[in-house]
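Read through the structure below, which is laid out as structure tokens, and then see the notes.
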Amino acid sequence: MADKKRGKKRKDEYTPPGEEVPNKPSKEEYNVGKWLRKNVPIKRTKFMNHNVEYFTGKRAVDALLESKFTAGDSPLFVTRDEIVDYLHVMLEHKFYHRARKVPVSEKELRERKKEKKKEPDSGEDEKPQEKEKEQNKGTDAESSVVEGKDPADKQQQKDKKKKKIRLEMHNDQRFVDSLDAYVWIYDPIPFHYWIFGALLVVGAIGICMFPLWPPIVRLGVYYISVAAACFLVSIIVMAMIRLILFCIIWLLTFGEHHLWILPNLTEDVGFLASFWPLYKYEYRGSGASSADKKKKNKKKKDKDSDAEDEKDGNEDVVENLGENIDTKRESSDDERNGKNSEFFVTS
């Protein structure tokens with residue numbers, strides 16, 4: 001009998017020798033875990049090529065100190081140490097695990113950027129980007145001169161803010177009241193998932209029991225299915241007709257006139273938006289090229305207006321500083337001339 005029981009033992013219950021079987025988590029731990037998932041801020045990153053969510057231990061302890069678990073006549077927690085011990089028990093019950101923050105080096109970031117830049121036709125887009133970077137560097141240098149700060153200090157501050165971190169498994173798996181990262185393993189299923197699942201099961205059973213439906217209901221479902229099929233076929237036919245009509249007009253006018261019926265019919269828009277507007281007409285002849293260029297130039301000017309305003313503002317400030325310096329020099333020269341004239345008069 002003992003051999004049969006051992007044979008029926010599940011793989012999940014197997015533990016290697018020398019290790020104790022951890023107790024199952026209690027209902028209170030599940031409640032605390034759900035509360036932490038909702039109220040403690042999380043961050044997302046990649047851990048072992050998986051997208052994970054993690055939190056910091058200090059924020060979890062601070063949140064529990066101000067939660068409902070420390071209020072009432074019989075609170076679950078009283079001191080900060082009790083919260084740390086309780087969260088350590090939850091870590092042993094596999095609600096989360098401790099991870100180590102490792103800063104990403106500049107070499108790794110450069111390698112990632114190089115991999116992204118391996119796409120074709122990247123050389124054509126590099127020149128305008130380099131010009132924009134040079135212009136931005138110039139404006140940054142001017143603004144730093146105006147404010148009295150060095151551009152190197154600003155770059156150091158930006159580098160500090162843009163430091164990236166990756167996570168690795170920590171060898172010491174215990175909960176510590178610090179800024180260490182703890183990756184969530186416990187992921188509760190939302191309640192509305194259960195409702196949708198139950199509705200799908202009920203719907204599947206109802207479809208399987210279609211022969212047992214009343215004749216009137218079956219007849220109504222038949223008409224509805226025929227109407228839906230006709231609607232889909234009409235959309236396909238309309239898409240073919242609009243394409244044929246566009247090609248005929250384009251060929252007859254040598255590409256100068258473009259006419260689309262229901263232009264949003266095949267676009268990724270809502271149901272009602274796909275049937276509006278009814279048509280779209282464009283003239284792309286010789287006279288329309290100049291108008292199109294003007295429109296494109298206007299759009300570019302609108303996009304670059306903010307940058308131009310910033311540049312103009314910096315240039316105005318620099319010019320004002322130059323004028324002030326010139327006026328100071330002129331005043332100093334006048335004072336010197338006045339002193340020299342007084343000296344000659346007295347002498």
Side-chain angles (χ1 to χ4, degrees), residues 1-15 21-40 42 44-55 68-69 90 93-97 183-246 260-279:
M1 295 294 290
D3 295 334
K4 290 182 179 179
K5 289 181 180 179
R6 288 176 184 175
K8 291 180 180 179
K9 191 174 182 180
R10 294 181 299 175
K11 294 181 180 180
D12 296 339
E13 295 178 356
Y14 174 77
T15 53
V21 179
N23 296 325
K24 293 182 179 180
S26 61
K27 292 182 178 179
E28 290 180 350
E29 291 180 13
Y30 282 114
N31 293 331
V32 173
K34 289 179 182 178
W35 189 90
L36 289 172
R37 290 283 295 178
K38 291 181 181 178
N39 297 284
V40 176
I42 59 173
R44 293 175 177 84
T45 186
K46 282 191 175 182
F47 178 77
M48 304 291 289
N49 295 327
H50 294 285
N51 294 321
V52 297
E53 297 177 347
Y54 70 95
F55 66 96
K68 61 182 180 180
F69 299 103
M90 290 180 66
H93 290 164
K94 306 300 180 184
F95 280 85
Y96 41 80
H97 63 82
V183 179
W184 277 110
I185 302 173
Y186 174 62
D187 189 10
I189 300 172
F191 182 70
H192 62 274
Y193 279 30
W194 296 101
I195 295 172
F196 293 152
L199 292 174
L200 288 173
V201 172
V202 172
I205 293 170
I207 292 169
C208 293
M209 296 177 67
F210 181 76
L212 301 176
W213 290 10
I216 298 171
V217 178
R218 283 187 287 173
L219 186 63
V221 171
Y222 171 74
Y223 286 133
I224 291 170
S225 61
V226 170
C230 292
F231 179 73
L232 293 174
V233 171
S234 64
I235 289 175
I236 295 169
V237 171
M238 181 63 70
M240 294 174 66
I241 291 170
R242 65 194 285 272
L243 180 60
I244 293 168
L245 184 62
F246 174 82
W260 283 106
I261 297 172
L262 299 176
N264 294 328
L265 186 64
T266 57
E267 298 294 331
D268 187 10
V269 294
F271 179 77
L272 297 176
S274 60
F275 297 98
W276 188 262
L278 298 177
Y279 67 93

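Quick caveat, the model's predicted, so the values are computed rather than measured. We count residues from 1, following the sequence as given.
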Partner set under ring-ring contact (aromatic ring centres under 6.0 Å, His included) for Tyr54, not counting sequence neighbours: none
Checking Phe275 now: which residues fulfil ring-ring contact (aromatic ring centres under 6.0 Å, His included) with it, not counting sequence neighbours?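 Here the qualifying residues are Phe271.
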State which residues pass side chain to side chain contact (heavy atoms under 4.5 Å, CB included) with [X]; sequence neighbours excluded, sorted by chain then number.
{"X": "Ser26", "answer": "Glu28, Glu29, Tyr86"}
{"X": "Phe210", "answer": "Trp213, Arg218, Val221"}
{"X": "Trp35", "answer": "Asn39, Ala63, Leu64, Ser67, Lys68, Phe69"}
{"X": "Pro190", "answer": "His192, Tyr193"}

Name every donor-acceptor pair, under 3.5 Å, that has one atom in a side chain of residues 235-246 and the other anywhere in the protein, sequence neighbours excluded.
residue: Arg242; atom: NE; partner: Ile261; partner atom: O; Å: 2.8
residue: Arg242; atom: NE; partner: Leu262; partner atom: O; Å: 3.3
residue: Arg242; atom: NH2; partner: Leu262; partner atom: O; Å: 3.1

Do you know which two heavy atoms are closest between [X] and [Y], and how far apart they sit?
{"X": "Pro263", "Y": "Pro277", "result": "CD-O, 3.3 Å"}
{"X": "Asn264", "Y": "Val269", "result": "O-CG2, 3.8 Å"}
{"X": "His93", "Y": "Pro25", "result": "ND1-CA, 3.7 Å"}

Between OH on residue Tyr186 and CG on residue Leu36, distance to nearest 0.5 Å: 10.5 Å
Residues two or more places apart in sequence or in another chain: which of them pass side chain to side chain donor-acceptor pair (under 3.5 Å) with Glu53?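 Expected list: Arg37, Arg44.
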Would the number of heavy atoms belonging to other residues, nucleotides or ligands and lying under 6.0 Å from CG of Leu200 be above 12? yes
Could you walk me through whether Ile42 and Trp184 pass the side chain to side chain contact (heavy atoms under 4.5 Å, CB included) test, one step at a time? CA-CA 9 Å; Ile42 59 173; Trp184 277 110; 3.9 Å; yes
